[in-house]
Amino acid sequence: MTAAAHRPATLEDVARAAGVSRSTASRVIAGTGFASPAARERVVTAADRLGYVPNLAARALVRGGGVRLVVAVAGSSAAVLDDPYVQRVVGSAARVCAPAAIGVALHWLPLSEPNSLDQLAADGSVCGVVLVNTTEDLLDAVPRSLRGRIASIGIGSATVPSFDVDNGAGADEVLRHVYASGRRRIAMVTGPRWLPCSQRPVQAYRRLMRQAGLPERVLPGDFTAASGRAAAGEALRRWPDLDAVYAISDETALGVIAALREGGVRVPGDVAVAGFDDIPLAGMTAPALTTASHPVGRIAAAAATAVLDRRPTAPVTLFPSVLVARDSA
């Protein structure tokens with residue numbers, strides 16, 4: 001038995017068995033360029049007999065197309081890569097890329113180093129990039145060589161198309177629902193100030209408070225349950241008459257509920273609580289969390305598709321968010 005029987009067949013094996021040059025075998029397998037009908041038949045027959053499987057990754061590298069899409073996530077520390085939201089983005093991107101034999105890699109972009117995009121642009125194995133938690137500094141630092149093969153989940157620019165949820169409208173729906181239930185002393189727990197897209201819900205909150213003639217009660221948060229716990233404690237100290245809390249994310253809202261309960265505050269009896277994202281856990285808590293939808297999978301799939309297709313898209317694509325009313329508010 002020959003050594004070839006113990007390893008996958010190579011293109012050289014196919015060419016040798018078909019009696020043609022390697023370049024001819026390559027053209028037939030790739031379906032490009034000229035090959036005589038007789039040579040084509042011999043190559044196809046040899047490939048079938050040897051069980052040859054084309055190396056799509058190597059082919060992509062040769063033509064300069066890259067073999068992996070990078071989901072690049074901005075954050076103050078690498079801990080941002082552990083965010084369940086990021087994992088959902090990666091999973092959806094992988095489902096889009098799999099049919100094209102493109103892998104998906106996860107990459108941390110330190111907020112202090114927006115020029116770290118340069119190394120991705122110079123990497124020949126990278127076919128494109130999906131930015132997550134995009135900032136103005138990141139958009140300004142996008143290398144020219146990445147244009148046309150980069151998309152943003154968040155804000156965009158004239159050269160970087162963006163895909164995101166309309167969290168401003170979603171927040172507005174949730175807040176109006178809370179207001180309609182009779183709550184008037186409503187506090188808000190925000191997201192990171194450095195993240196532009198997290199400011200839309202804050203604007204919706206402030207607009208409603210102005211329209212209703214109510215005081216603004218804004219507390220900082222960072223999408224985590226820990227920040228929700230801290231904000232709830234601060235809110236009760238500063239505003240003992242508090243009767244509702246709206247948090248920019250479900251995880252933060254769940255942290256708020258936990259802290260309120262530990263302080264002997266009933267939810268929703270004393271204080272109503274609402275969030276945003278409609279994560280799976282939101283419908284399984286007691287009380288079930290009032291929130292708004294966030295189609296992360298569809299958004300990530302659209303961004304990944306835009307990168308792979310390399311076709312012009314609308315500069316900004318916002319996906320609708322709708323109220324999901326439950327027991328907590």
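Keep in mind that this is a model prediction, so the values were computed, not measured. Because only heavy atoms are used, hydrogens play no part in the values below, and waters and symmetry mates are left out as well, while side chains stay in.
Judged purely by atom type and a 3.5 angstrom limit, S198 uses its side chain to pair as donor or acceptor with the backbone of P192. The main-chain N or O of P220 is never found under 3.5 Å from a side-chain atom of R193 such that the two would form a donor-acceptor pair. Here the side chain of E173 pairs no donor or acceptor atom with the backbone of G168 at under 3.5 angstrom. In terms of modelled atom types and a separation under 3.5 Å, the side chain of D13 and the main chain of T10 share a donor-acceptor contact. Judged by distance alone, the side chain of R266 and the main-chain N or O of V271 form no donor-acceptor pair under 3.5 Å. With hydrogens and angles disregarded, a donor-acceptor distance shorter than 3.5 Å links the side chain of S227 to the backbone of D222. Although no hydrogens or angles enter the test, the distance criterion places a donor-acceptor pair under 3.5 Å between the side chain of S321 and the main chain of S293. Judged by distance alone, with hydrogens and angles left aside, the side-chain atoms of T252 form a donor-acceptor pair with the main-chain N or O of T224 at under 3.5 Å.
At least one side-chain heavy atom of P295 sits under 4.5 Å from a side-chain heavy atom of V165. The closest side-chain heavy-atom distance from H107 to V71 is not below 4.5 Å. Here the side chains of D166 and P320 are not in contact, with every heavy-atom distance at 4.5 Å or above. At a threshold of 4.5 Å between non-hydrogen side-chain atoms, the residues T290 and L323 count as touching. Using a 4.5 Å heavy-atom threshold, the side chains of T317 and P161 count as separate. Side chains of M209 and M188 form no contact here, defined as non-hydrogen atoms less than 4.5 Å apart. Side chains of R95 and S92 form a contact here, defined as non-hydrogen atoms less than 4.5 Å apart. S181 is listed as a side-chain neighbour of R183, based on a closest heavy-atom distance under 4.5 Å.
More than 12 heavy atoms of other shown residues, nucleotides or ligands fall within 6.0 angstrom of atom CD in Q87.
Placement of L69 and I153 within a single hydrophobic cluster is found when ILVMFWY residues are connected by side-chain heavy-atom separations under 4.5 Å, directly or transitively. L281 and V86 are members of different hydrophobic clusters when ILVMFWY side chains are connected at heavy-atom separations under 4.5 Å. In the hydrophobic clustering of ILVMFWY residues, with side-chain heavy atoms under 4.5 Å counting as a link, V202 and V245 come out apart. Under the 4.5 Å side-chain heavy-atom criterion for Ile, Leu, Val, Met, Phe, Trp and Tyr, V265 and V189 are members of the same hydrophobic cluster. The cluster map of Ile, Leu, Val, Met, Phe, Trp and Tyr, joined by side-chain heavy atoms under 4.5 Å apart, puts V273 and V178 in different clusters.
Checked against salt bridge (charged side-chain N to carboxylate O under 4.0 Å, His left out), R217 has the following partners two or more places apart in sequence or in another chain: D241. For D250, the salt bridge (charged side-chain N to carboxylate O under 4.0 Å, His left out) test picks out no residue, with sequence neighbours left out. Not counting sequence neighbours, Y246 has no partner by the ring-ring contact (aromatic ring centres under 6.0 Å, His included) test.
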Task: Working for side-chain contact (heavy atoms from CB on, under 4.5 Å), residues N167 and H294 - done: CA-CA 8 Å; N167 57 350; H294 187 169; over 6 Å; no
Task: Working for side-chain contact (heavy atoms from CB on, under 4.5 Å), residues I155 and S162 - done: CA-CA 6 Å; I155 61 170; S162 71; 5.7 Å; no
Task: Verdict with supporting geometry, L289 and I257, side-chain contact (heavy atoms from CB on, under 4.5 Å) - done: CA-CA 9 Å; L289 183 64; I257 291 175; 4.0 Å; yes
- [ ] Please lay out, stage by stage, how D277 and E251 fare under the test side-chain contact (heavy atoms from CB on, under 4.5 Å).
- [x] CA-CA 9 Å; D277 284 331; E251 281 203 42; over 6 Å; no
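With respect to R200 and D164, a salt bridge is recorded, a charged nitrogen being found less than 4.0 Å from a carboxylate O. The pair R185-D243 counts as a salt bridge, with a side-chain nitrogen and a carboxylate oxygen less than 4.0 angstrom apart.
Judged by distance alone, the side chains of T45 and D48 never bring a donor and an acceptor atom under 3.5 Å apart. Side-chain polar atoms of T135 and D137 form no donor-acceptor pair below 3.5 angstrom.
Of all the heavy atoms in L175 and Y205, the pair that sits closest is CD1-CA, 3.5 Å. When all heavy atoms of V126 and R149 are compared, the pair lying nearest together is O-NH1, 3.0 Å. Annotation for A39 and T24: closest pair CB-CG2, 4.4 Å, computed over non-hydrogen atoms. Between L242 and L236, the shortest heavy-atom contact is CD2-CD2, 4.3 Å. Here the shortest heavy-atom pairing between A204 and A171 reads CB-CB, 4.3 Å. Scanning all heavy atoms of the two residues, the minimum distance from A232 to A259 falls at CB-CB, 3.7 Å.
The CD1 atom of I279 lies 5.5 Å from the CG atom of L254; values are rounded to the nearest 0.5 Å. The CG atom of N133 sits 8.0 Å away from the CG atom of L111 when rounded to the nearest 0.5 Å. The distance from the CD atom of Q199 to the CZ atom of R206 is 8.0 Å, given to the nearest 0.5 Å.
If you run side chain to side chain contact (heavy atoms under 4.5 Å, CB included) between I150 and each of V142, V307, V130, T159, only V142 comes through.
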